[in-house]
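What follows is a single structure, written as C-alpha cells, with notes after it.
The structure displayed is predicted, hence computed values, not measured ones.
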Amino acid sequence: MALFDNYEIWWITGAQLLYGGDAVVAVDAHSKEMVDGLNNSGNLPVKVVYKGTANSSREVETLMKAANNDNRCIGIITWMHTFSPAKMWIHGLQQLRKPLLHLHTQYNAEIPWDTMDMDFMNLNQSAHGDREFAHICTRMRIRRKVVTGYWKDEETQKHIAVWQRVCAAWADAQDMLIIRFGDQMNNVAVTDGDKVEAEVRMGYHVDYMPFSSVMPYFDAIKDEDVDALVATYFKEYDHDASLEDKSTEAYRKVWNSAKAELTLRAVLTDKGAKGFTTNFDDLGDANVDVTGRGFDQIPGLASQRLMAEGYGFGAEGDWKSAALYRSLWVMNQGLEGGCSFLEDYTLNFDGKNSSILQAHMLEVCPLIAEQRPRLEVHFLGIGIRKSQTARLVFTSKPGTGVTATVVDLGNRFRLIVNDVECIKSKPLPKLPVASALWIPMPNFEVGATAWMLAGGTHHSCFAYGVTPEYWEDYAEIAGIEMVHIEKNTTLENFRRDLRLGEVYYMLNKSLC
C-alpha cells in the first residue's frame with residue numbers, strides 16, 4: 001500500500017453563483033464533509049484531496065491545468081452539488097489529461113419530505129447538475145468512469161477504490177521503462193507489436209539491451225552478496241538439505257541463479273526500469289562454461305522473485321505482457337490473492353472439468369502459490385542453455401480469478417479479459433515447475449474458443465483479486481478496446497461483438 005501514499009485524487013465540486021454566497025458556503029461545507037468521510041472510510045487506497053468548488057469556466061480551467069502539472073495527482077473526481085452549467089466546463093475538460101471519475105451522488109441520503117422548501121431544492125440539485133455535466137462529457141467524447149450511488153455506501157466506495165487503483169497503475173505506466181534482455185523469440189507474431197503506438201497510447205517505453213551490455217553489471221557483483229542471497233533462498237523456501245552442499249553442481253546452480261538475480265536487479269535499478277523480458281536464445285557469452293562470464297541458465301528463479309516484488313515480466317521478449325503485469329501488480333496491492341505472468345501450456349480434456357494447465361518453463365510468480373514454494377534444481381533442455389536450472393516449484397491456490405492480455409491488431413490494441421476458475425491440479429512428478437490449472441469461463445469450449453477468436457496470446461497476466469471492473473476502467477482510460485469472456489458469454493454474441501468492434505474502430509480511427 002505504500003505505493004499509493006505517493007498519489008492523491010483531486011475532488012472538484014461543481015456549482016454556480018446563481019443561488020448566492022450562502023449556498024456556495026453550504027456547498028463547500030458539504031463537500032469537505034464528504035471528502036473527509038471517504039478518506040476515513042478505510043475503503044479507499046488513495047487519499048482524496050478537496051480542491052474547492054468551481055463556479056466559473058476560469059476556475060474549472062485553472063484547476064484542470066493544475067491537476068495536469070501535479071505529479072501527485074493521478075485523477076479527478078467531479079460532483080455537481082447544484083446545477084452547474086456545462087458550458088463552463090468545456091475549456092477545462094479540453095485541458096484535462098488525467099483520468100476522470102464522475103460521481104453521481106447527493107449530500108443527503110433521503111428527501112426531507114416534511115421540511116423541504118425551495119431553498120433546499122435549489123441547493124441540492126445533483127439529480128439536475130450531474131446530468132448537465134454528463135451531457136457535456138458525452139458530447140465532447142470525454143472518457144470517464146461514472147459511479148452512481150450514495151457516497152456513504154460501501155458499494156459506492158468500492159467502485160471508487162477500483163478506479164483509484166487503476167489510476168495509480170496508469171500513473172505508474174507513464175514513466176514505465178521495460179528492458180528487453182535480448183530480442184524476442186524468432187518469428188513469433190503475438191509477442192511482437194508497435195512499441196511506438198504502445199507508448200503513445202499507454203505511456204510505457206520499451207528499450208532493447210544486448211547481453212553484452214549486461215556483463216559489466218555481472219562482473220561487478222560481489223561474491224559475498226551472492227552468498228547472502230543464497231542464504232535468503234534457503235531461509236525462505238523449502239528445499240532438500242543436500243541442496244546446501246557447496247561441493248555439488250546443484251548448489252553451484254543455485255549460487256549462479258542468485259548472481260543472475262543480483263545482476264538483473266542492478267541493471268533494472270540503474271536504468272530505472274519497472275519491467276523486463278528475457279529470451280532463452282540470448283543469454284550472453286556462448287562460452288560461459290569456459291569463461292565464467294554470463295548466465296549459465298535461464299534466469300527463471302530471478303524472474304519469479306522479481307515479479308513478486310512488482311517488476312513486470314514477459315517471457316521470450318513479450319514486452320506487452322511485461323508492461324501489463326507491472327500495471328496489474330500495482331492495481332493488486334493490498335488485495336487478497338496474488339498475481340502472475342502465465343502461459344497456456346497444455347490441455348486436459350475431462351468433460352465439464354476440461355481445463356488448461358498454466359505454466360512456463362520456469363517463470364511463474366510465487367505470489368499465487370497455495371503453499372510455501374520449494375527451491376529445486378532440475379535439467380531444462382530448451383534454449384541456448386540446456387543445463388541444470390534452479391526454480392521455485394508450487395501449484396496455485398484454488399479460487400476464482402481474472403486473466404488478461406493485450407494484443408496489437410494493427411489498427412488498435414485490444415485488451416482481452418477472461419474470468420477463470422482455478423482448480424486443484426494433480427502432482428507433476430516429472431514436470432517440476434510452478435503451475436496453475438484453470439477452467440476458462442463460461443466453460444472450456446466457449447472460453448478457449450472466444451479467446452482465440454479475439455486473437456488472444458498464449459501469455460496472460462492473472463490475479464485473484466482484480467476483477468473485470470479494473471480492466472474496464474483501464475481500457476477506458478487508455479482508450480483501447482476491451483472484450484470480456486465471462487459466465488454468460490455465448491459464441492454467437494461474442495462473434496457479433498467482435499464484428500461490431502471492427503466496424504466501430506474502422507469508423508473511429510482517432511480511437512485506435
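- With hydrogens and angles left out, the side-chain atoms of Asn68 and Gln95 include no donor and acceptor closer than 3.5 Å.
- If you check the side chains of Gln297 and Ser257, you find a donor sitting under 3.5 Å from an acceptor.
- Judged by distance alone, the side chain of Arg391 and the main-chain N or O of Thr389 form a donor-acceptor pair under 3.5 Å.
- Within the 4.5 Å cutoff, the side chain of Asp497 has no heavy atoms near those of the Val483 side chain.
- A side-chain donor from one of Glu316 and His360 sits under 3.5 Å from a side-chain acceptor of the other.
- The pair Arg374-Asp240 meets the salt-bridge criterion, since a charged nitrogen lies less than 4.0 angstrom from a carboxylate oxygen.
- Side chain of Tyr325 to backbone of Phe462: no donor-acceptor contact under 3.5 angstrom is found.
- With hydrogens and angles disregarded, no donor-acceptor distance shorter than 3.5 Å links the side chain of Ser321 to the backbone of Asp318.
- Looking only at atom types and distance, the side chain of Asp270 has a donor-acceptor partner in the side chain of Tyr217 under 3.5 Å away.
- Between Trp170 and Tyr474, the angle of the ring planes goes over 60°, which puts this pair in the perpendicular group of the 30/60° scheme.
- Taking every heavy atom of both residues into account, Gln304 and Leu362 meet most closely at NE2-O, 3.1 Å.
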Handout entry: Full working for side chain to side chain contact (heavy atoms under 4.5 Å, CB included) between Leu262 and Lys222
Key = CA-CA 9 Å; Leu262 292 172; Lys222 298 178 180 179; over 6 Å; no
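- What you find for Phe4 and Ala168 is that their closest heavy atoms are CE2-CB, 3.5 Å.
- When atom types are taken as modelled, the side chain of Lys98 and the backbone of Ala67 share a donor-acceptor pair closer than 3.5 angstrom.
- Remark: the Tyr237 side chain and the Glu376 side chain contain no N/O donor-acceptor pair separated by less than 3.5 Å.
- Salt bridge absent: Lys259 and Asp225 never bring a charged side-chain N and a carboxylate O closer than 4.0 Å.
- Residues Ser387 and Lys253 form a side-chain contact, since some pair of their non-hydrogen atoms from C-beta on lies under 4.5 Å apart.
- If you check the side chains of Trp10 and Glu8, you find a donor sitting under 3.5 Å from an acceptor.
- In terms of modelled atom types and a separation under 3.5 Å, the side chain of Lys320 and the main chain of Val190 share a donor-acceptor contact.
- Looking at Phe276 and Met307, their side chains never come closer than 4.5 Å, going by heavy atoms from C-beta outward.
- Put simply, the side chain of Arg72 gets close to the backbone of Asp5: a donor and an acceptor are under 3.5 Å apart.
- A salt bridge links Asp172 with Arg326: at least one charged nitrogen is closer than 4.0 Å to a carboxylate oxygen.
- Annotation: the span from Leu93 atom CG to Met140 atom CE amounts to 5.0 Å, rounded to 0.5 Å.
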Could you give the side-chain donor-acceptor pairs of residues 428-439 under 3.5 Å, partners two or more places apart or in another chain?
none

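- Residues Leu415 and Trp471 form a side-chain contact, since some pair of their non-hydrogen atoms from C-beta on lies under 4.5 Å apart.
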Practice task
Could you walk me through whether Cys461 and Trp329 pass side chain to side chain contact (heavy atoms under 4.5 Å, CB included), step by step?
Solution key: CA-CA 9 Å; Cys461 299; Trp329 180 87; over 6 Å; no
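- Each of Thr489, Asn418, Asp419 was checked for a side chain to side chain donor-acceptor pair (under 3.5 Å) with His484, and the lone residue meeting it is Asp419.
- Across Ala258 and Tyr233, no two heavy atoms sit closer than the pair CA-OH, 3.4 Å.
- Under the salt bridge (Lys or Arg N to Asp or Glu O under 4.0 Å) test applied with Asp473, the options Lys145, Arg144, Arg143 reduce to a single match, Lys145.
- A salt bridge links Asp175 to Lys274: at least one charged side-chain nitrogen sits closer than 4.0 Å to a carboxylate oxygen.
- The nearest pair of heavy atoms linking Phe444 to Ser354 is CB-O, 3.4 Å.
- Classification of Arg372 and Asp238 as a salt-bridged pair holds, one side-chain N sitting under 4.0 Å from a carboxylate O.
- By the 4.0 Å N-to-carboxylate-O rule, Glu445 lies too far from Lys352 to be salt-bridged with it.
- Residues Pro366 and Phe394 share a closest heavy-atom pair of CA-CZ, 3.5 Å.
- Considering Phe341, Trp451, Tyr345 as possible partners of His459, the one that fulfils the ring pair (Phe, Tyr, Trp, His ring centres under 6.0 Å) test is Phe341.
- Put simply, the side chain of Gln164 never gets that close to the backbone of Ile9: no donor and acceptor are under 3.5 Å apart.
- No side-chain heavy atom of Leu392 sits less than 4.5 Å from a side-chain heavy atom of Val364.
- The pair Arg412-Glu197 does not count as a salt bridge, with every side-chain nitrogen at least 4.0 angstrom from each carboxylate oxygen.
- Inter-residue side-chain proximity for Trp163 and Ile77 is flagged as met; some heavy-atom pair is nearer than 4.5 Å.
- Ser460 and Thr403 share a donor-acceptor pair across their side chains, judged by distance under 3.5 Å alone.
- Between Val254 and Val377 the shortest side-chain heavy-atom distance falls below 4.5 Å.
- There is a side-chain donor-acceptor pair under 3.5 Å between His159 and Glu469.
- A salt bridge links Arg265 to Glu261: at least one charged side-chain nitrogen sits closer than 4.0 Å to a carboxylate oxygen.
- Between Asn332 and Cys339, the shortest heavy-atom contact is ND2-SG, 4.0 Å.
- Under a 3.5 Å cut-off, the side chain of Asp350 and the backbone N or O of Asn353 do not form any donor-acceptor pair.
- By the 4.5 Å heavy-atom criterion applied to side chains, Val206 and Arg180 are counted as neighbours.
- Here the side chain of Lys397 pairs a donor or acceptor atom with the backbone of Leu367 at under 3.5 angstrom.
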